[in-house]
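Read through the structure below, which is laid out as structure tokens, and then see the notes.
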Amino acid sequence: MDPLTGWEEGASLGGPGDGAGGDGEPVTADFWFDPACPWAWVTSRWMKQVEAVRPVRVRWNVMSLAVLNEDRLDELPERYRQGMREARGPVRVCVAVAAEHGQEALDRLYTELGNRRHGEGRALDRDTLREALKAADLPVELADEAESTDRDEEVRASHGRGIGLVGRDVGTPVIAVPGPDGEPVAFFGPVVTPMPRGEAAGRLWDGVLLVAGTPGFYELKRSRTERPRID
């Protein structure tokens, strides 16, 4: 069993692809995030709304924008390259928390990090990491993982599982659910702001699954006219 996701090698994601698992169990939606990404943060809060109105349980997984972009850093503006360098630390901490304390702990930490980074506009530096860990009832010493390369293989493995489902020309978030044939239906996004709430969140989920589960469907897109926000 993988210590980060709880996957058994060769096992399918969650339960049947009919919106609920067997014996009344909710379907598992695997969600890959980088805590530095504001769009992934908005989508993650939308998924919290979806859990309340649909038989869905989110299983949180880590991906890394730094890993995703490491082969093309020379093509990026310096401000973005610096952001990629700074993004490695929080991802390492998230992987360490998942491996040592489990899914619920990762969920709590992501919420605390997101509130501080995307709600308050703070950098994900050592002080913020320690504060978020404490608020999530986790050992603050795990902030030391940000400067260590010991977890990098785990980061790459988790990142590879998510990006391997959708291809390298996308980013975070990635969501995967079990399809009717047992194979995962996976997609990047949705990119949405402000997030729908209540039943509106459920309807968006229904629509996303409908198009993502259509064989041969690849893309819907229009230019963004707003910055990511949660109202």
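Here the structure is a predicted model, which is why all the values come from computation and not from measurement. Position 1 is the first residue of the sequence; numbering continues from there.
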Please give me the minimum heavy-atom distance between [X] and [Y], naming the atom from each residue.
X      : Y      : value
Thr128 : Ala123 : OG1-O, 2.8 Å
Val185 : Ala212 : CG1-O, 3.5 Å
Ala99  : Glu154 : CB-OE1, 3.8 Å
Ala136 : Arg108 : O-NE, 2.8 Å
Asp181 : Glu183 : OD1-N, 3.0 Å

Atom NZ of Lys134 with >12 non-hydrogen neighbours under 6.0 angstrom: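 No, NZ of Lys134 has 12 or fewer neighbouring heavy atoms, counting only those of other groups under 6.0 Å.
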Heavy-atom neighbours of Glu104 CD exceed 12 at 6.0 Å: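 It does not: Glu104 CD has 12 such atoms or fewer within range.
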In a check of side chain to side chain contact (heavy atoms under 4.5 Å, CB included) between [X] and each of [options], which one passes?
X      : options                       : answer
Phe31  : Thr172, Thr43, Val174         : Thr43
Ile175 : Pro190, Ser44, Pro184         : Pro190
Val93  : Leu138, Leu129, Leu124, Val62 : Leu129

Under 3.5 Å donor-acceptor, [X] side chain and [Y] backbone:
X      : Y      : result
Arg92  : Ser148 : yes
Gln103 : Trp60  : yes
Asn61  : Arg59  : yes
Trp46  : Pro196 : no
Arg57  : Glu51  : no
Asn115 : Thr111 : yes

Worked check of side-chain contact (heavy atoms from CB on, under 4.5 Å) between Met47 and Trp205: CA-CA 9 Å; Met47 285 301 302; Trp205 175 251; 3.6 Å; yes
Are [X] and [Y] in one and the same hydrophobic cluster, where Ile, Leu, Val, Met, Phe, Trp and Tyr link if side-chain heavy atoms are under 4.5 Å apart?
X      : Y      : answer
Val155 : Leu133 : no
Leu165 : Val191 : yes
Val166 : Trp39  : yes
Val53  : Val27  : no
Val42  : Leu204 : yes

Test log, rule side-chain contact (heavy atoms from CB on, under 4.5 Å), inputs Phe33 and Cys94: CA-CA 10 Å; Phe33 69 91; Cys94 286; 4.2 Å; yes
Is there a side-chain contact between [X] and [Y] in this structure, where contact means two heavy atoms from C-beta onward sitting under 4.5 Å apart?
X      : Y      : answer
Pro38  : Thr193 : no
Phe188 : Pro173 : yes
Val91  : Pro35  : yes
His101 : Leu106 : no
Ile163 : Met63  : yes

Tyr110 six-ring centre to Arg45 NZ/CZ under 6.0 Å and within 45° of normal: yes
Candidate pair Phe187 and Val211, rule side-chain contact (heavy atoms from CB on, under 4.5 Å), full reasoning: CA-CA 10 Å; Phe187 49 89; Val211 297; over 6 Å; no
Presence of salt bridge, Arg116 and Asp127, under 4.0 angstrom: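 A salt bridge is absent here (no side-chain N lies under 4.0 Å from a carboxylate O).
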Salt-bridge contact Asp206-Arg54 (side-chain N to carboxylate O under 4.0 Å): yes
side-chain contact (heavy atoms from CB on, under 4.5 Å) between Glu131 and Arg122, worked out: CA-CA 12 Å; Glu131 183 181 308; Arg122 295 168 57 182; 3.0 Å; yes
Below 3.5 Å, can you tabulate the donor-acceptor pairs from side chains in residues 213-227 to any protein atom, sequence neighbours excluded?
| from | atom 1 | to | atom 2 | distance (Å) |
| --- | --- | --- | --- | --- |
| Thr214 | OG1 | Leu210 | O | 2.8 |
| Glu226 | OE1 | Arg229 | NE | 2.8 |
| Glu226 | OE1 | Arg229 | NH2 | 2.7 |

Donor-acceptor pairs under 3.5 Å, side chain of residues 139-147 to any protein atom, not counting sequence neighbours: which ones?
| from | atom 1 | to | atom 2 | distance (Å) |
| --- | --- | --- | --- | --- |
| Asp144 | OD1 | Arg126 | NH1 | 2.9 |
| Asp144 | OD1 | Arg126 | NH2 | 2.8 |

